[in-house]
There are 2 protein chains.
Amino acid sequence: MFPFDTLISINKANNTPIYRQITIAIINAISNGVLKPGTILPGTRELSKLLGVHRKTVIAAYEELNSQDWITIIPQKHAFVAENIPHLKPKKWNKNTPPPSYNNPFPIRFKTVENIVKKEHDHPIPQLVIDDGRPDIRISPIDSLLKTYRTLTSRKHTSNKAEQEASQGTINLRQELVRYLSETRGLTISVDNLLITHGAQMSIYVAAHLLSDPKTTVLVGKPNYTMANKIFEQLGVNLIEVSVDENGLNMDEVEAICTQKKIGLIYIIPHHHYPTTVTLSSERRIKLLELSKQFSFAIIEDDYDYDYHYASSPYLPLASGNHHGNVIYVGSFSKVLDPSVRIGFMVAPANFIEQATLFRKTVDVGGDSYMQDALAALIKDGELKRHLKKARKIYHQRRDFLDHLLKEKLSDYITYTLPPGGMAIWLKLNKNSEVTKLYELTRRDRLLISNINEKQNALRFGFASLNEKELTEAVEIIEKCLKLITAD
Amino acid sequence: MFPFDTLISINKANNTPIYRQITIAIINAISNGVLKPGTILPGTRELSKLLGVHRKTVIAAYEELNSQDWITIIPQKHAFVAENIPHLKPKKWNKNTPPPSYNNPFPIRFKTVENIVKKEHDHPIPQLVIDDGRPDIRISPIDSLLKTYRTLTSRKHTSNKAEQEASQGTINLRQELVRYLSETRGLTISVDNLLITHGAQMSIYVAAHLLSDPKTTVLVGKPNYTMANKIFEQLGVNLIEVSVDENGLNMDEVEAICTQKKIGLIYIIPHHHYPTTVTLSSERRIKLLELSKQFSFAIIEDDYDYDYHYASSPYLPLASGNHHGNVIYVGSFSKVLDPSVRIGFMVAPANFIEQATLFRKTVDVGGDSYMQDALAALIKDGELKRHLKKARKIYHQRRDFLDHLLKEKLSDYITYTLPPGGMAIWLKLNKNSEVTKLYELTRRDRLLISNINEKQNALRFGFASLNEKELTEAVEIIEKCLKLITAD
């Protein structure tokens, strides 16, 4: 008889029930060819003694094996390995046969998106994080949102109705957005011009896919929002970087490129360019729309933080300007509510939205329709507007407070231009201090600066999510570390 | 002077505030070249009279234009169009110049995912929906989930900590899943083998992308889950369909193909094949794992409704069998909780999960970490298990009830095999009744059959979401319509 006690090793500390451990071991032995078709299995009493388990456990295992056709039980007699198992190359039985497991690397070639460099620095867990410009969830109206969410789910009326409209976004949310985008951004659209996505990133991904292939030339700013560049790299397009100055992307460069080659697409963040926060001037806006018409290229306008402006009204988006329907406008509520609540949207002509919806379904069937309807209610009630008014005031104060702190503490080490809006300041370090060094030193002091740019020797200081005490603390740590660096 | 009153048309019924309507009209006129740099604008008093609006409204518009550099205001004198606007080809002023709008089709070539055929049948809104196998949200524990969700958000401790781990899934949920998948599916994995996605579709999408390019040969069942096929079509792979019989995909066919050409990947649903609900036999499972090792191809195992089995324990997944780490296992909680709560997962070796996480970030930054942690709590508390036990009992009764109804009412028109689990029955119509006709007739009777298969002359009858009254009603409408069809 087979050494069933070595074949089946039971681990009582394991979370898998013992009868399952037995089942799995026997299935593996059959699959391996160790137990051949027709092999008679030990009786349940016998095996239970061998393994030191209750007889009922063995019976449960045999019943499961039987129900799955791995073994045949002849009542009152015995059980044997089923005959209709195909003949397999028998392998030498080895006590050390590795268990089925995912411990080893994937054995087949697959695409590498990025080489992962493991940096093991043993940094302490950060106590303070300077993010790249995110809202303060401590003031977000998420509780209101969830109250409505619960009310909506408790209705549970027509079972899967909501699910069916989730690919494009619920009609309630799209209707509210038509009104909201008209009021806040001067957009003239209908519900057919809107696709709701799982965050703005998905909108950019979908639009980029529909508009480009490896032969397409795509223009982006230098520097640019990294996660947008990654999409284009992945699509294998011909990516050309256009320089960015204090008035945004350089349109003379864009024009020069257009006269030399066919451009398919430009990705632009005219309101507060990421990461440098500059605003595209009206002169350049006009020129961009002119060029896009003349050379027939599409524009993806990423307007991620339109809602935050302090000095004056923000520039209206390109999408509400005089274009010919070639501007795909992308926005998000993650910057307004909470980064966890991922609701973004895309505005485009209806025929584009139709195909974008179909494409989106292959990536992600649809969004959470309750959450979408809860957001629609938040907009309709005016609660979103009230929240934005409050947030704008708080973030404005925090920006000014940070401005004051930076002038007072860091003016010897950095330069920056105060942005008229948004949630972050772009700080350029002077030549004698390297931003990577600053990152390392502050990290040891439990401050994580999440967005640094090595090439530009700069960092993005998100001020919205930190209160005055936290801002002071963060700037003081940076000051201390910069003193150390420049003293070297 | 320009005819400002025709240039600026104000619509008081419009949701856009009037001062913004004025701003937009003037910006457009400047962009169009209708208003040239240096043009002096009418005084605020004068323009307010011309337009019939309050003077303060015009002042607000001018201030906004000024703050955005479109115009220059010389206090106590006048305002004029800013000089630094580039020289534009002037266009003939036309009262009928179309407003900036998304009404027209997108003017640039883009990819067509699918040709859209508009079927305008003027069907009434359905009162009853036969879905393709979805849970009954009336019994789902979503309220518990949301209670926990609210508790989690109200803590609002370390601001963006949760957001940072959202790309791969929160550590809480991954830890719970390691335990849960071991207990329920015999999987031996760690948190590094898990990627949480926005539904199972996203897991399939990501895995398919990493594993294939246009040169890859991919095998799928015929018929197959349409939304998986769409991913492969979009990737442009060489797709080969393998026939499906009562024991699942035909492995002799798979073997024959393997000996002829290099296979990159097979997509398979061994538990309850979609749409036909058949289970892959143990003989074929062993053969598939053998072949995948011998010919070195990857397996995407889609196990969308593992949790529902009525007759006996379900077959363990391929992923817990004796494979060599080449099985990418995909599952979902949308079938357990509510289709709106989109949480799916992928199991694979850690190096594959790393790249899958990076790829996923380009598509979708991350999931809702509160929802993920709320689900983790639901699993930890045992509430998910209790819910599944209850749901299994109810769906088992509904399956048997439907079986009884079908035998009693429809046995002259259809054939089917009762599946041992899952949430749907695959009904094949006899030759004399066409499923498309049935769809049309029932649709007029306010019953929507959401998943029909024209080629197979069959439909998928999801029984889980309908109670006994609803099942009876649906079958009676089908019976009535089939009588009509066969009487023709």
Side-chain angles (χ1 to χ4, degrees), chain A residues 15-16 24 28 31 64 67-69 100-102 104-108 110-111 113-114 131 138 142 146 150 153 156 159 163 179 182-183 186 188-189 193 198 201-202 205 210-211 230-231 282 286 298 312-313 315 322 325-326 339-340 349 351-352 355 358-359 362-365 368-370 465, chain B residues 15-16 24 28 31 64 67-69 100-102 104-108 110-111 113-114 131 138 142 146 150 153 156 159-160 163 179 182 186 188-189 193 198 201-202 205 210-211 230-231 282 286 298 312-313 315 322 325-326 339-340 349 351-352 355 358-359 362-365 368-370 465:
Chain A
N15 283 317
T16 310
I24 294 165
N28 284 335
S31 307
E64 180 159 331
S67 77
Q68 290 182 20
D69 300 332
S101 109
Y102 284 102
N104 301 318
F106 195 67
I108 294 159
F110 62 99
K111 280 178 217 161
V113 179
E114 212 174 287
D131 58 45
R138 292 169 294 198
I142 192 158
L146 290 174
R150 276 186 72 185
T153 57
K156 292 181 180 174
S159 65
E163 200 272 337
R179 217 161 52 81
S182 162
E183 279 178 27
T188 314
I189 55 167
N193 296 122
H198 197 238
Q201 181 72 19
M202 191 181 278
Y205 184 85
L210 291 186
L211 288 167
K230 280 196 196 298
I231 293 172
S282 47
I286 293 167
S312 65
S313 288
Y315 276 82
N322 187 32
N326 63 329
S340 257
N351 66 330
F352 192 89
Q355 296 299 325
L358 289 169
F359 180 84
T362 65
V363 177
D364 172 28
V365 175
D368 182 334
S369 42
Y370 301 124
S465 62
Chain B
N15 283 317
T16 309
I24 295 166
N28 284 335
S31 308
E64 180 159 332
S67 77
Q68 292 182 18
D69 300 332
S101 109
Y102 284 103
N104 301 319
F106 195 67
I108 294 160
F110 62 99
K111 282 179 215 158
V113 179
E114 213 175 288
D131 58 45
R138 292 170 293 198
I142 193 157
L146 291 174
R150 276 186 71 186
T153 56
K156 292 181 181 175
S159 66
N160 293 310
E163 200 270 339
R179 218 160 53 80
S182 162
T188 314
I189 56 166
N193 296 122
H198 197 238
Q201 181 73 20
M202 191 181 278
Y205 184 84
L210 291 186
L211 289 167
K230 280 197 196 298
I231 293 173
S282 47
I286 293 167
S312 64
S313 287
Y315 276 83
N322 186 32
N326 62 328
S340 255
N351 66 330
F352 192 89
Q355 295 299 326
L358 288 169
F359 181 83
T362 65
V363 178
D364 172 28
V365 175
D368 182 335
S369 43
Y370 301 124
S465 62

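Proteins get letters first, then strands, A, B, ... in listed order; numbering begins at 1 in each.
The side-chain hydrogen bond (donor to acceptor under 3.5 Å, both in side chains) check on A/D368 picks up A/Y149, with sequence neighbours excluded. A/F352 is linked by a ring pair (Phe, Tyr, Trp, His ring centres under 6.0 Å) to B/F106, B/F110, counting only residues two or more places apart in sequence or in another chain.
Residue contact with chain B, scored on non-hydrogen atoms closer than 4.5 Å, involves the side chain of A/I189 exclusively. Using a 4.5 Å cut-off between heavy atoms, A/N326 touches chain B through backbone and side chain atoms alike. For A/L358, the parts sitting under 4.5 Å from any heavy atom of chain B are the backbone and the side chain alike.
The two residues A/P105 and B/P349 come nearest to each other via the heavy atoms C-CB, 3.9 Å. Listed here is the closest heavy atom pair of B/N28 and A/N322: OD1-N, 3.5 Å. Minimum heavy-atom separation, B/T362 to A/Y205: O-CD1, 3.5 Å. The shortest heavy-atom contact between A/V365 and B/Q201 is CG2-CB, 3.6 Å. Counting all heavy atoms, side chain and backbone alike, A/L210 lies closest to B/V113 at CD2-CG2, 3.8 Å. Here the closest non-hydrogen pair linking B/G325 and A/P107 is O-CD, 3.5 Å.
Chain A forms more heavy-atom pairs under 4.5 Å with one residue of B/K111, B/K230, B/H198, B/M202 than with any other, namely B/H198.
No donor-acceptor pair under 3.5 Å is formed between the side chain of B/E114 and the backbone N or O of A/Q355. In this structure a side-chain-to-backbone donor-acceptor pair under 3.5 Å is missing from B/S369 to A/S340.
For the pair A/Y370 and B/L146, the minimum side-chain heavy-atom distance is 4.5 Å or more.
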